[in-house]
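Take a look at the structure below.
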Amino acid sequence: MKSKDFSRIKTVGSGLSLFSVLILVQMVRIQVIDSGRKLSEEGTRLYESQTEIIYPERGSIYDRYGNVLATNREVYEIGVNFQYVTDPETLTKELSSTLGMDYNEVHKVVSQKYKPGETVYATIANFVGTDKVDELQAKAKQYKAQASGKRLRKGEIAANMDGLEFRSRLIRSYPEKTLAANILGFIFYGDMQNAQPIFGVEQYYNELLAGTPVEYKYYFDPNKASKEPYVPPGDSLVLTIDRQIQIEVEKILDDSVKKNGAESGTIIVLDPKTGEILAMATTPRLDPNQYWTLQDTFKDSTPYNRAIGQTYEPGSVFKVVTMASALDNGTVTPDTEFIDTGVFNYGGYSIYNWDRGAWGKQNMMTCMEHSLNVCLSWISTSMGAGPFYDYLKAFGIGRKSNVDLAGETSFPLSVPADGNWFDINLATNSFGQGLAVTPLELASAISAVANDGKIMTPHVVKSVISNGHQRDITPTVSSTPIKPETAHTLTEMLAQSLEGESSDAMVDGYRVAGKTGTGEIPSPEGYLSNLTNASFVGWGPVDDPKFLVYVWLEKPTSSIWGSIVAAPVFSEVTAKLVTLMNIPPDDVRQQLNNGN
Amino acid sequence: MLFARVWGDSFNKRVSKMRKQNLIQAYQQAPWRAQLQYIGIFLSGLVIIALVAGVYLYISAQTASAGARIQILDENKIDLRRRIADMEAQLASLQASDVMAQRAAALGYEPIDPQNVMYMDMPGYPGRQSIHLAPEKPQESSSFVMIKSSYTESLWEWFYAGLMDINEHPIGGIR
């Protein structure tokens, strides 16, 4: 009996020993054999750590006084993890009712069977706001509470919303909706992960706004837990735009376009001394929060921002550039006399005035006041092609203004060396025909007259907030096409010319300088007779210009003339500007200055 | 005679051997005592191993707990950052120009008539200035291990570090 017990013990002992040996052998085998090593590596790859790219929060965009123009809001992707779904009916019911989706459509997705590696997760809805998510979470909690106090029969499942998952992320939000939309651009979200900046500041400054993503190795082993790296948000931008001025300018523009039956409109307000753009309004505009309406709002090839994205023949506003060049060059002085016979023959063509009339004896101021094409053609041809085009280049005509906005375009200036330049161009270019500019390009060129002959590079970003520091953008001189004296002389001439014709552009209490423009529209059959581009450029106060306003109404139907259509818009904008910019009327300002 | 001597030697050897055996038997512990000693030594070893294992387990548990908490806090931090951004967006919406205009109108404010504006010279007042919004300086951006080394080092490392410390700062030595 004793030896039998001993034999059993020996058998069990031998079995256990053999089992231990087998474990050891297997351990060694896993360490040694290739597939074991691969398994170990795969395990490490899958379960030891995970590398994530942490994208910084996109920087915000503010107006010059800190009002938010673009920031980020939280949205959710709502999905279903099939592994945990036990009650697809309840889940479908709640999802479809909360998200306003079709029950059958949701049920088709939710009721799929879990297959590891294949059917694991499905997205139900994207870009869902926090309010809906809170609602769903509350419902899920309610079901859980009900289930916990319920006694279930075998096989019975309590109603629940298990398997519902939320993945949050930030997307762009534009609290001012359509305001300054043409300046800001927008972010296009193809899906939750890929955001693409389109147009405006968003695209131009994308690298700064987006920041630098950081790669972070995240260990599942708590012993190796490391602090998640601090990922600084993208740089924020403070724009030169003044929200209130932008509001007023957009309002005036929309009213003017409507009132005059124009196809579109553009108004630019800039500070000629710094090149800061205070407002830039164009039509149409979309709400960047609903960028998917882009195709409906911008039909065919309508540019997103006409101020920088559309060139046109400006007409007589261009005479400011011609006259500035001729005065600076010494070809004419304000008192130079010109006898207007009503026609100017050059290069085999005849050039007429806007009214086909002969205005007789004129000086340079009245040439501008009456906007005489014949006079300006005589000036440019007297000047000669070489100097004339050198000046135009110095004014930046035919080149992009280099404004810090995406989507800027330009039309190349034809000069005598080019194959598409003809003698007649020298005459027609003088009054803004046969060349094309963007509104900002011409506004920037003419700003030289309002800023002692210097063109400041136009810009919309005033400062960049990066890593805790706000860095101001220093205004830079783009070029100096004319002398300060020329600028002062021409400003005075244009102020007098407005006063002489009692222009609708004038503003009570403020002396302003400016010029109207009525540009004919070229077509394959020649210039259209009944459709024009009505423009006005003006600046003030004359003795110390604080603003320059450029107005362009495309194809107005109320009148074809810039003096009738665009000049009152300038006046209206200026009246608002002086209040918003705290510019006292000239007499008050002089009193205040004398008081000092 | 020779026989007698040989026998006598053999006898003497046997007697001497027997004496030796008796002597050994006299000083040998009882077998149960020796067994108890072995069991004691074995149990002491077992207790030491259990203690070491316990310390390891305790430290590992604490480390795991701290690590898991760090991970949870990191996730909370991300959530909070998003919530803050969302609330900032909500605030921006509440301060949007159209909302503010409505609130101003409700409070009885109206746009000023330029004719009624009175301008005054205010010495020292530079006029309305553009905003300075620079936020706080960010923290350093590098990632570093947060758990103290005492949670992760082995007993040997702890012992060695202690030894090195004593070498560097001998007790009673002059510093």
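Per chain, numbering begins at 1; letters A, B, ... match sequence-line order. These numbers were taken from a predicted model, which means no experiment stands behind them.
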Quiz item: cation-pi between A/Arg589 and B/Tyr119, 6.0 Å / 45°: no
Region of [X] in contact with chain B, defined by heavy-atom distances below 4.5 Å:
| X | result |
| --- | --- |
| A/Tyr62 | side chain |
| A/Asp472 | neither |
| A/Leu580 | neither |
| A/Lys177 | side chain |
| A/Ser236 | neither |

Would you compute the distance between atom [atom1] of [X] and atom [atom2] of [Y] and round it to the nearest 0.5 angstrom?
| X | Y | atom1 | atom2 | answer |
| --- | --- | --- | --- | --- |
| B/Ser97 | A/Asn67 | OG | CG | 8.5 Å |
| B/Asp98 | A/Thr178 | CG | OG1 | 9.0 Å |
| A/Thr130 | B/Arg83 | OG1 | CZ | 6.0 Å |
| A/Thr579 | B/Asn116 | OG1 | CG | 10.5 Å |

Nearest atoms (heavy-atom pairs only) where A/Gly66 meets B/Ile131: N-CG2, 3.5 Å
Closest non-hydrogen atom pair, A/Lys462 against B/Ser130: CE-OG, 3.0 Å
Contact class of B/Arg69 relative to chain A, heavy atoms under 4.5 angstrom: neither
Under 4.5 Å from a heavy atom of chain A, the part of B/Met118 involved: neither
Would you find more than 12 non-hydrogen atoms of other residues, nucleotides or ligands less than 6.0 Å from [X] atom [atom1]?
| X | atom1 | result |
| --- | --- | --- |
| B/Phe159 | CZ | no |
| B/Tyr160 | OH | no |
| A/Asp508 | CG | no |

Contacts of type salt bridge (Lys or Arg N to Asp or Glu O under 4.0 Å), residue A/Lys273, not counting sequence neighbours: A/Asp544
Quick one: side chains of residues 86-95 of chain B, donor-acceptor pairs under 3.5 Å with protein atoms, not counting sequence neighbours, listed by atom name and distance.
from	atom 1	to	atom 2	distance (Å)
B/Asp86	OD1	A/Glu74	N	2.7
B/Asp86	OD2	B/Gln90	NE2	3.1
B/Ser93	OG	B/Ala89	O	3.1

